[in-house]
Amino acid sequence: MSSPFDLDKMYTDFIDKKNDENYVERYENNEGWYKASSAGFCSRKMYYEAVMKLKQTDSSDDGKKKMRLGTIFHDEVQGALYMKKKNII
């Protein structure tokens with residue numbers, strides 16, 4: 001029996017939407033900024049991103065899902081550190 005909707009496509013579309021929102025929030029009008037996620041990359045790659053304004057190619061759907069898990073984990077750890085600093089936990 002087939003599903004009435006494609007869960008994999010739905011989640012991929014959700015991730016794409018969240019990535020677009022995050023890009024606007026973090027990087028729009030800040031295109032020359034270096035990003036923490038670029039730490040450790042070669043200087044040529046960072047130069048092309050910051051000065052030449054070259055965009056990265058799109059990631060695969062599996063890659064996007066892995067990066068989304070990293071974003072979720074980052075937000076959770078950041079929240080825990082904030083709560084610890086404020087002596088909430």
Side-chain angles (χ1 to χ4, degrees):
M1 175 173 216
S2 65
S3 174
F5 59 89
D6 184 348
L7 182 60
D8 190 53
K9 180 174 177 357
M10 182 177 66
Y11 190 59
T12 299
D13 291 345
F14 170 79
I15 291 172
D16 289 340
K17 176 128 177 73
K18 294 299 279 183
N19 284 343
D20 290 345
E21 290 171 0
N22 286 338
Y23 181 85
V24 168
E25 180 182 325
R26 295 177 187 167
Y27 304 118
E28 199 163 272
N29 299 319
N30 300 316
E31 286 80 4
W33 287 11
Y34 289 104
K35 304 179 237 359
S37 60
S38 295
F41 285 114
C42 75
S43 58
R44 185 178 298 161
K45 180 182 184 304
M46 291 189 293
Y47 172 82
Y48 283 119
E49 280 184 2
V51 178
M52 302 298 290
K53 310 290 189 232
L54 297 180
K55 291 202 153 235
Q56 293 180 338
T57 57
D58 282 338
S59 300
S60 67
D61 289 347
D62 285 342
K64 290 177 186 177
K65 290 172 186 171
K66 290 174 186 172
M67 287 185 274
R68 179 69 185 154
L69 286 174
T71 299
I72 293 167
F73 181 71
H74 170 269
D75 291 345
E76 292 289 308
V77 170
Q78 184 177 2
L81 290 170
Y82 176 80
M83 291 175 81
K84 183 68 173 173
K85 179 181 177 185
K86 297 292 185 180
N87 293 318
I88 298 170
I89 57 171

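By convention here, the first residue in the shown sequence is residue 1.
Lys65 contributes atom NZ, which lies 13.0 Å from atom OG of Ser59 (distance to the nearest 0.5 angstrom). Here Tyr11 contributes atom OH and Asp16 contributes atom CG; the two are 11.0 Å apart, rounded to the nearest 0.5 Å. Taking CD1 from Ile72 and CE from Met67, the interatomic distance works out to 13.0 Å, rounded to the nearest 0.5 Å. The distance from the NZ atom of Lys66 to the OG1 atom of Thr71 is 14.5 Å, given to the nearest 0.5 Å. For the atom pair CG (Asn22) and CD1 (Ile15), the distance works out to 11.5 Å, reported to the nearest 0.5 Å. Atom CG of residue Asp20 and atom CD of residue Glu28 lie 10.5 Å apart, to the nearest 0.5 angstrom.
Sparse packing is recorded around OH of Tyr82, with 12 or fewer heavy atoms of other residues, nucleotides or ligands lying under 6.0 Å away.
Clustering ILVMFWY residues whenever any of their side-chain heavy atoms sit less than 4.5 angstrom apart, transitively, puts Phe73 in the very cluster that holds Leu81.
A salt bridge links Lys9 and Asp13; the closest N-O separation between the charged side-chain nitrogens and carboxylate oxygens is under 4.0 Å.
Side-chain contact check for Asp61 versus Lys64: some heavy-atom pair is nearer than 4.5 Å.
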What verdict does the side-chain contact (heavy atoms from CB on, under 4.5 Å) test give for Gln78 and Asp75, after you've listed the backbone C-alpha separation in whole Å, the side-chain angles of each residue and the deciding distance to 0.1 Å? CA-CA 5 Å; Gln78 184 177 2; Asp75 291 345; 4.3 Å; yes
